[in-house]
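Whatever order the structure lists ligands and atoms in, that order sets their numbers, starting from 1.
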Amino acid sequence: MRHLLSAGDLSLAEATSILDVAEEMHTIQSRQIKKLPTLRGRTVINMFFEDSTRTRTSFEMAGKWMSADTINISTKGSSTSKGESLRDTMLTLDAMGTDCFVIRHGSSGAVAQAASWVRAHVVNAGDGTHEHPTQALLDAFAMRRHFGTVDESGTGGDEVFAGKRIAIVGDLLHSRVVRSNVLLQRTLGSSVTLVAPPTLLPTGVEQWGVGVTSDLDEVIEGADVVMMLRVQRERMHGGFFPTEREYTELYGLPPQRLARLKPGAAICHPGPMNRGLEISSEAADAANSLILEQVTAGVSVRMSVLYHLLGGSPE
Ligand code: ASP
């Protein structure tokens, strides 16, 4: 693997290998001394041109726990704020001997473009409304562990996702998480249904090969996982739904809808959450909520991705 730009680029074998190695990395998280020599002498630059808490911190931790030298760059504080083009910035940092760039950018396609200019490996950490492949991988990791516990079927087999029903609910139009999840979950073999008001469905969604509905109540009882997505106010220019109250009623998880989930079904949210809008506190903090497990998985999965790209030796 040279780059990780799209979840759709991963074969079943590659995705499974990333999830399996992430299981091994996961054990490091509970150790007192969280350090492997795996990426000693390698340099990873995190370039975040958009805000991030989880993704940026977990990539930095992932690199550090594997002994890579990690450097963080954001738009402020770099020469892009003086007008330098993305291409010149990339070529400059590449020329210094960077081994891997982890890039988040506000424009869809910018990360793939950047990858075409450099010699180093590139990971897409979210490009506009396009893709966020490591988010989909960490979601799959958290789900796989959950299904493993619930079904007692172990966590390693390909069959873990077969027949599982995943409902992805909310602001799909502005979500890169949904695109990456659809691509990865199709590879893993689960069945995905997208749920959103018609105004928040991406154009061409009928061609994605997944179920689409605007009625959450239609799918809530059959779902094994309900993934709630954030209403991305910062990307909304105009009214996409009449009122927040109506949105919450139709597309949120208030206690009465929560009670209709089947036993063992899980709740996911990639964060950051708008509590009280797309997700109630009852749902976010429920015993079957995987939200903090997703955060924990973020470090293990990103360690595994860096390991797969940079080819360190396992210890
Ligand atoms: N953190 C995720 C992302 O960067 C989801 C979100 O922002 O709502 O795409």
Side-chain angles (χ1 to χ4, degrees), residues 4-8 46-62 72 74-75 101-112 114 122-143 166-185 192 194-197 200-202 225-237 240-241 244 247-248 251-253 267-280 283-284 289-302 305:
L4 178 58
L5 302 175
S6 162
N46 293 322
M47 303 181 72
F48 279 68
F49 297 103
E50 245 191 20
D51 296 343
S52 170
T53 303
R54 280 151 282 267
T55 309
R56 201 180 72 158
T57 313
S58 58
F59 263 114
E60 189 176 351
M61 275 186 179
N72 292 320
S74 55
T75 332
F101 291 101
V102 175
I103 308 175
R104 169 165 293 188
H105 201 283
S107 303
S108 303
V111 180
V122 173
V123 182
N124 181 359
D127 62 326
T129 58
H130 181 226
E131 277 222 47
H132 193 357
T134 57
Q135 176 73 47
L137 283 162
L138 74 87
D139 294 339
F141 182 85
M143 288 179 207
I166 299 174
I168 307 183
V169 187
D171 180 2
L172 310 181
L173 180 64
H174 302 104
S175 174
R176 48 196 174 211
V177 174
V178 69
R179 284 169 181 77
S180 291
N181 260 291
V182 165
L183 291 165
L184 183 68
Q185 288 296 336
V192 175
L194 305 180
V195 188
L200 288 175
L201 281 172
V225 175
V226 184
M227 182 184 291
M228 309 305 287
L229 295 184
R230 183 171 66 91
V231 173
Q232 303 204 21
R233 291 186 180 106
E234 79 279 17
R235 294 191 212 273
M236 288 185 177
H237 308 289
F240 286 87
F241 42 82
E244 293 198 346
Y247 181 90
T248 305
Y251 299 101
L253 274 187
I267 299 157
C268 290
H269 191 303
M273 291 184 276
N274 292 311
R275 279 181 190 254
L277 178 53
E278 75 269 357
I279 191 161
S280 61
S289 158
L290 298 186
I291 296 170
L292 288 177
E293 276 84 346
Q294 288 172 273
V295 176
T296 308
V299 185
S300 328
V301 161
R302 286 167 178 138
V305 165

> By number and element, which atoms of ligand 1 are closer than 4.0 Å to a non-hydrogen atom of H132?
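Those of ligand 1 that fall under 4.0 Å from H132 are 3 (C), 4 (O), 9 (O).
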> Output, in order, the C-alpha distance, side-chain angles, deciding distance and verdict of salt bridge (Lys or Arg N to Asp or Glu O under 4.0 Å) for R233 and E278.
CA-CA 12 Å; R233 291 186 180 106; E278 75 269 357; over 6 Å; no
> Going by the order shown, which atoms of ligand 1 are within less than 4.0 Å of some heavy atom of P272?
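It comes down to these atoms of ligand 1: 1 (N), 6 (C), 7 (O).
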> Does a salt bridge link R176 with E50, judged by any charged N lying under 4.0 Å from a carboxylate O?
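The answer is yes: the pair qualifies as a salt bridge.
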> So is there a nitrogen or oxygen of P270 less than 3.5 Å from a nitrogen or oxygen in ligand 1?
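Between P270 and ligand 1 (N or O atoms, distance only) the closest approach is not under 3.5 Å.
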> With heavy-atom distances below 4.5 Å as the criterion, would you say the side chains of Y247 and L200 are in contact?
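The answer is yes, as the side chains (C-beta and beyond) meet within the 4.5 Å cut-off.
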> Counting N and O atoms only, with roles assigned by atom type, does the side chain of R179 sit under 3.5 Å from a partner on the main chain of T129, one being a donor and the other an acceptor?
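Yes; at least one donor-acceptor contact below 3.5 Å.
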> Knowing that exactly one of L137, N124, V122 qualifies, which makes a side chain to side chain contact (heavy atoms under 4.5 Å, CB included) with L4?
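Of all the options given, the one that passes is L137.
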> For ligand 1, note which part of V177 has a heavy atom under 4.0 Å away: side chain, backbone, both or neither.
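Looking at V177 and ligand 1, just side chain atoms fall under 4.0 Å.
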> Quick check: does any side chain N or O of S58 sit under 3.5 Å from a backbone N or O of T55, one acting as donor and the other as acceptor?
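Between the backbone of T55 and the side chain of S58 there is a qualifying donor-acceptor contact (under 3.5 Å).
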> Taking the side chain as every heavy atom from C-beta outward, state whether I279 and I291 have any pair of such atoms under 4.5 Å apart.
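Result yes, sub-4.5 Å side-chain heavy-atom pair found.
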> Among the heavy atoms of Q135, does any lie under 4.0 Å from an atom of ligand 1?
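The answer is no, since Q135 has no heavy atom less than 4.0 Å from ligand 1.
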> Does E50 have a heavy atom less than 4.0 Å from any atom of ligand 1?
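Checking ligand 1 against E50, which is what was asked, there is no heavy-atom contact under 4.0 Å.
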> Among protein heavy atoms, which lies nearest atom 9 (O) of ligand 1, and at what distance?
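Here the nearest protein heavy atom works out to R176 NE, 2.7 Å.
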> Say whether G126 and ligand 1 are in contact under the criterion: heavy-atom distance to a ligand atom below 4.0 Å.
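Contact absent.
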> Among all protein heavy atoms in this structure, tell me which lies nearest to atom 1 (N) of ligand 1, with the distance rounded to 0.1 Å.
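Looking only at protein heavy atoms, the one closest to atom 1 (N) of ligand 1 is G271 O, 2.9 Å.
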> Pick, from H269, R56, R230, the option with the minimum heavy-atom distance to atom 6 (C) of ligand 1.
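Ranked by closest heavy atom to atom 6 (C) of ligand 1, first place is R230.
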